[in-house]
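What follows is a set of notes on a single structure, which appears directly below.
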Amino acid sequence: MPELPEVETVRRGLEPALVGRRIKSVRLNRPDLRFPFPAQLAETVTGKRVTALRRRAKYILIELESGHALLVHLGMTGRFTVWPPDGAARNLGEFYYVEQAGHAGDGAHDHVVIDLDDGARVVYTDPRRFGFMDLVEPDGADHNRFLVGLGVEPLGNELHADFLGTALAGRRSPLKAALLDQRIIAGLGNIYVCEALYRAGLSPKRLSGSIVRKRGPSPRIEPLVHAIRSVIAEAIEAGGSTLRDYAHTDGSAGDFQQRFDVYDREGEACRTPGCTSRIRRIVQSGRSSFYCPTCQR
DNA sequence: CGGGACTCCTGCCAGC
DNA sequence: TGCTGGCAGGAGTCCC
């Protein structure tokens, strides 16, 4: 899936097409994605004006004048395409394979088709169907099953050394698992956790609690916080990463992946000046972790 | 409760 | 060229 920087890139791309527009109609081409669509989805959304597009962690929230919001998670392969009134498609997250031209909402994996009052069409496409949608009731963000329990935003003020130290203290899981845990920091995924741990010089295998001192300051926490912030901020700045099947808002490639120091670089040279080690790949709880065995301890 | 394995689904890619 | 197995950015659920 797109991680937070990719979701933010999609949000920014969708914003000018949707905000201020009224939704004329919604077509669901199947009853479910990962989960069934809410029964009231179409009738709740139809006829409403879009007031804002927001992001929380890896969720996109399409806010409506009624106070409801359509919550969208892109899963691993979800994307939006905007078809303006003039017909030329604009891709908001693109796959590496090419769909047949002219399928504005009728492609094999086009699951949701939203028509707007200006004639534009917004299509949600998701081959793997790991994505999902939900309705958030007015003032219901604190109760929504997907939003409740989410941790802090990596770029928000709530992520600081005291917070992270408290969250990691006593944890017996590897650091990698803790940083992927959306209940602590919401929005980090496999790629950026690997990159942040490299920048912080911390091994993904190290136990979470081991970087927290029981008394006094824990000098390894602040560099980790900084590493998380910097890698996420830079990735957003670059327009996200184009992995095997994801691209930039306007169809061009996001280029942060060219700056990966460890992710998907197994066997390649560590980029730390003077280090002669090669990047290793291990599997932790079913996911690949990439790291430098010399620079990350 | 914390932690880990498993699962959903489709498609690509390396290897034979 | 064609088939097979392994792998993929997520996260809910189940089990210990």
Side-chain angles (χ1 to χ4, degrees), chain A residues 1-10 29-36 55-60 71-79 93-100 107-111 124-134 144-151 154 166-196 204-210 231-232 235-236 238-248 253-254 256-257 260 262-267 281-290:
Chain A
M1 132 165 192
E3 298 186 28
L4 189 154
E6 290 72 38
V7 175
E8 176 61 20
T9 300
V10 170
N29 287 339
R30 52 175 300 123
D32 55 21
L33 294 171
R34 179 170 182 189
F35 308 115
R55 178 191 58 73
R56 172 73 171 106
K58 301 172 198 170
Y59 295 91
I60 290 171
L71 174 147
V72 182
H73 195 294
L74 301 174
M76 293 225 269
T77 54
R79 78 167 164 178
E94 178 64 279
F95 300 114
Y96 57 104
Y97 63 86
V98 178
E99 284 192 288
Q100 289 193 337
H109 304 298
D110 295 342
H111 306 309
Y124 178 77
T125 307
D126 188 354
R128 248 171 117 178
R129 302 206 304 275
F130 279 8
F132 49 89
M133 297 190 186
D134 195 19
N144 179 271
R145 59 180 283 215
F146 298 112
L147 300 178
V148 159
L150 281 180
T166 302
L168 297 181
R171 285 208 162 226
R172 305 196 51 74
S173 61
L175 213 36
K176 172 81 184 301
L179 295 184
L180 281 174
D181 189 336
Q182 303 297 299
R183 296 169 299 183
I184 303 175
I185 302 172
L188 300 182
N190 202 37
I191 294 175
Y192 296 111
V193 167
C194 290
E195 294 297 312
K205 294 187 286 191
R206 181 192 261 271
L207 290 190
S208 307
S210 75
V231 74
I232 294 293
I236 290 175
S241 308
T242 303
L243 269 291
R244 291 171 180 78
D245 54 6
Y246 181 81
H248 201 231
F256 189 76
Q257 75 282 359
F260 288 163
V262 290
Y263 186 81
D264 209 18
R265 294 193 64 240
E266 181 180 16
R281 182 179 84 95
I282 57 171
V283 175
Q284 292 179 288
S285 50
R287 319 285 300 277
S288 290
S289 294
F290 299 89

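Quick note on labels: first sequence line is chain A, next is B, and so on, each numbered from 1.
Comparing A/Q284 and A/R183, the nucleotide of DNA chain B nearest to each residue sits closer to the 5' end for A/R183.
Atom P of B/dC9 sits at a distance of 16 Å from the matching atom of C/dC14, rounded to the whole Å. Straight-line distance between the C1' atoms of B/dG3 and C/dG9: roughly 22 Å, to the nearest whole Å.
Each of C/dA8, C/dG9, B/dC8 was ranked by its minimum atom distance to the side chain of A/E3; first place goes to C/dG9. In the set B/dG4, C/dC7, C/dA11, the nucleotide with an atom closest to the side chain of A/S173 is B/dG4. Distances were taken from every side-chain heavy atom of A/Q182 (C-beta onward) to each of C/dA11, B/dG4, C/dC7; the shortest belongs to C/dA11. Listed nucleotides C/dA8, B/dG4, C/dA11 differ in distance to A/K58; the shortest reach to its side chain belongs to C/dA11. Considering only side-chain atoms of A/R128, the nucleotide from C/dG10, B/dC9, C/dG9 that sits closest is B/dC9. Of the listed nucleotides (C/dG12, B/dT10, B/dG3), B/dG3 has the atom at the smallest distance from the side chain of A/R171. Nearest to the side chain of A/R129, among C/dG9, C/dA11, B/dC9, sits B/dC9. In this structure, the nucleotide among C/dG9, B/dG3, B/dC8 sitting nearest to the side chain of A/Y263 is C/dG9.
The interatomic distance linking A/E6 (CD) with C/dA8 (P) rounds to 17 Å, in whole Å. Summarising the geometry, the separation between CG on A/D134 and P on C/dA11 is reported as 15 Å, rounded to the nearest angstrom. In this structure, the CG atom of A/D126 is 13 Å from the P atom of C/dA11, given to the nearest Å. The separation between A/L179 atom CG and B/dG3 atom P is 13 Å, rounded to whole Å. The CZ atom of A/F132 sits 10 Å away from the P atom of C/dT13 (whole-angstrom rounding). The NZ-P distance, from A/K176 to B/dG3, rounds to 15 Å in whole Å. Atom-to-atom, CG of A/D181 to P of C/dA11 comes out at 11 Å; the value is rounded to the nearest Å. One atom, CG of A/L188, and another, C1' of C/dG9, lie 13 Å apart when rounded to the nearest Å.
If you take CG on A/L179 and OH on A/Y192, they are separated by 15.5 Å, rounding to the nearest 0.5 Å. Atom CZ in A/R287 sits 13.0 Å away from atom CD1 in A/I282 (nearest 0.5 Å). Once rounded to the nearest 0.5 Å, the distance linking CG of A/D126 with CE of A/M76 reads 10.0 Å.
A/F146 has its ring centre less than 6.0 Å from the ring centre of A/F132.
In this structure a side-chain-to-backbone donor-acceptor pair under 3.5 Å is missing from A/E266 to A/F290. Looking at A/Q182, its side chain never comes within 3.5 Å of a backbone N or O of A/G151 through a donor-acceptor pair.
Phosphate proximity of C/dA11 to A/R145: absent, as no side-chain N or O sits under 4.0 Å from OP1 or OP2. In this model, the phosphate group of C/dG9 is approached by a side-chain N or O of A/R287 to a distance below 4.0 Å at OP1 or OP2. In this structure, A/H109 does not reach the B/dT10 phosphate: none of its side-chain N or O atoms is under 4.0 Å from OP1 or OP2.
Across all strands shown, A/F35 has heavy atoms under 4.0 Å from sugar-phosphate atoms exclusively, and none from any base. Nucleic acid contact class of A/G286 (heavy atoms, under 4.0 Å, all strands): none.
Nucleotide B/dC13: paired with C/dG5 (Watson-Crick or G-U wobble, both distances less than 3.5 Å).
We find that the ring of A/F130 and the base of C/dG10 stack, their centres lying under 5.5 angstrom apart and their planes tilted less than 30°.
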